[in-house]
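Order of the sequence lines fixes the chain letters, A, B, ..., with proteins taken first and strands second; residue numbering starts at 1 for each chain.
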There are 2 protein chains.
Amino acid sequence: MASHHSQPELKKNQKLVFDVLKDAANPLSAYSILDLLRGEGFRAPLQVYRALDKLVEFGLVHKLETLNAFVACSHDDCALSEPAAFMICDACESVSELGDASLSSHLGKLANTENFALKHTTVELHGRCKNCL
Amino acid sequence: MASHHSQPELKKNQKLVFDVLKDAANPLSAYSILDLLRGEGFRAPLQVYRALDKLVEFGLVHKLETLNAFVACSHDDCALSEPAAFMICDACESVSELGDASLSSHLGKLANTENFALKHTTVELHGRCKNCL
DNA sequence: TCAAAAATGTTATGTTATTACATATCAATT
DNA sequence: AATTGATATGTAATAACATAACATTTTTGA
Ligand SMILES: [Zn+2]
Ligand SMILES: [Zn+2]
Ligand SMILES: [Zn+2]
Ligand SMILES: [Zn+2]
């Protein structure tokens, strides 16, 4: 039975990596993921990076550029429209993913103003979350 | 005669690194800077990274997180208020730094809504510049 | 079934950034 | 001038993040 999504079923390594990220409380680096999957037979970074590439492409996982780390998407729609922003607590490393349409629209207008053909946006906000003030 | 800015005079290595970035057409990685400064006696990455740390702290240089590279600030005021965004052309690697106050304000409100104490924002827009369409 | 495409395994290497420790420079105080 | 403390610099080694290249297996679909 085929999924009704445009995404294909996940392959074995993709599923292993995705599940690790789903279960994680915080973002994980590729090498942390590797270590967590040694028991499943993972032996080299490329096994993780290849799975991550696909998962990011599918919109199921996002890379946090300011942390060199990865998180599972907390929405259901990032396959279609990319996430607007991430708020990252520097104290507890918690991350919350925001889908603010007005922010996306603002960035789109900014690009238009400069005749810039916008393909991808990265917005990462660092600070302290409400639990860490 | 002291500068009227709050920034101290640049030290030798800081000035060398800053001048290289000022003259560069595109963002440079730390290791590219190292190679450009071998003739000036630079021998190790740390000489570059230490200078970059200070220059970033002074607001004279910004790190582009999505490129792992550095650019000289194109404004005079980034010591006070951080840059709003960077537009990065994926074709020609040109970068333009934007100081959009309404974007900064938008991000500030977004953080407030979530009771997030915002310390630093990273906004990097990728696509094609007007010369590369 | 068969060939093409995608996914995986493995080794080696490339790139970015930091740790640790030694030495030098500079400014303030005695 | 000598002492001190703070900042800056030099150097080697290593850690952390990411990709290249090539072989093999699995999946897909004609
Ligand atoms: Zn998402
Ligand atoms: Zn927190
Ligand atoms: Zn600036
Ligand atoms: Zn361009």
Expressed as a whole number of angstroms, how long is the span from [X]:[atom1] to [N]:[atom2]?
| X | N | atom1 | atom2 | result |
| --- | --- | --- | --- | --- |
| L10(B) | dT25(C) | CG | P | 19 Å |
| Q14(B) | dT25(C) | CD | P | 16 Å |
| D53(A) | dA6(C) | CG | P | 15 Å |
| E9(B) | dA27(C) | CD | C1' | 16 Å |
| L64(B) | dT16(C) | CG | C1' | 15 Å |
| K12(A) | dA6(C) | NZ | C1' | 15 Å |
| L37(B) | dG10(D) | CG | C1' | 15 Å |
| K54(A) | dA5(C) | NZ | P | 14 Å |

Just do the side chain to side chain donor-acceptor pair (under 3.5 Å) check on E65(B) and T66(A) with the steps written out, would you?
-> CA-CA 6 Å; E65(B) 297 287 349; T66(A) 54; 5.9 Å; no

Using a 4.0 Å cut-off on protein heavy atoms (strictly under), produce a 5'-to-3' string for nucleotides 23-28 of chain D with B for base contact, S for backbone-only sugar-phosphate contact, and - for none.
-> ----SS

Nearest 0.5 Å, what's the CG-CD distance between N112(A) and E114(A)?
->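 Output value for this atom pair is 10.5 Å.
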
The nucleotide from dT16(C), dG9(C), dT9(D) with an atom nearest the side chain of N13(B) is dT9(D)

Please work out which residues in residues 17-31 of chain A have a non-hydrogen atom less than 4.0 Å from an atom of DNA chain D and list them by number.
-> S29(A), Y31(A)

Is the closest side-chain heavy-atom distance between [X] and [Y] below 4.5 Å?
| X | Y | result |
| --- | --- | --- |
| F70(B) | L28(B) | no |
| V71(A) | L64(A) | yes |
| F42(A) | N13(A) | yes |

Look at the side-chain heavy atoms of Ile, Leu, Val, Met, Phe, Trp and Tyr, link any pair under 4.5 Å apart, and say whether L37(B) and V56(B) land in one connected group.
->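 Yes, because L37(B) and V56(B) connect within a single hydrophobic cluster, where side-chain heavy atoms sit under 4.5 Å apart.
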
Determine, for R38(B) against D35(B), whether the closest basic-nitrogen to carboxylate-oxygen distance falls under 4.0 angstrom.
-> yes

DNA chain C-proximal residues of residues 40-48 of chain B, any heavy atom under 4.0 Å = L46(B)

What residues form a side chain to side chain contact (heavy atoms under 4.5 Å, CB included) with K12(A), not counting sequence neighbours?
-> L16(A)

Apply side chain to side chain contact (heavy atoms under 4.5 Å, CB included) to A117(A) and list each qualifying residue two or more places apart in sequence or on a separate chain.
->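 Listed in chain order: R128(B), L133(B).
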
The ring pair (Phe, Tyr, Trp, His ring centres under 6.0 Å) partners of F86(B) (sequence neighbours excluded) come to H62(B)

Do you see a donor-acceptor pair shorter than 3.5 Å between the side chains of H106(B) and S102(A)?
->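 Note: H106(B) and S102(A) side chains meet the donor-acceptor criterion.
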
Is any side-chain N or O of K15(B) closer than 4.0 Å to OP1 or OP2 of dA8(D)?
-> no

Has N68(A) got a side-chain N or O lying under 4.0 Å from the OP1 or OP2 atom of dA18(D)?
-> yes

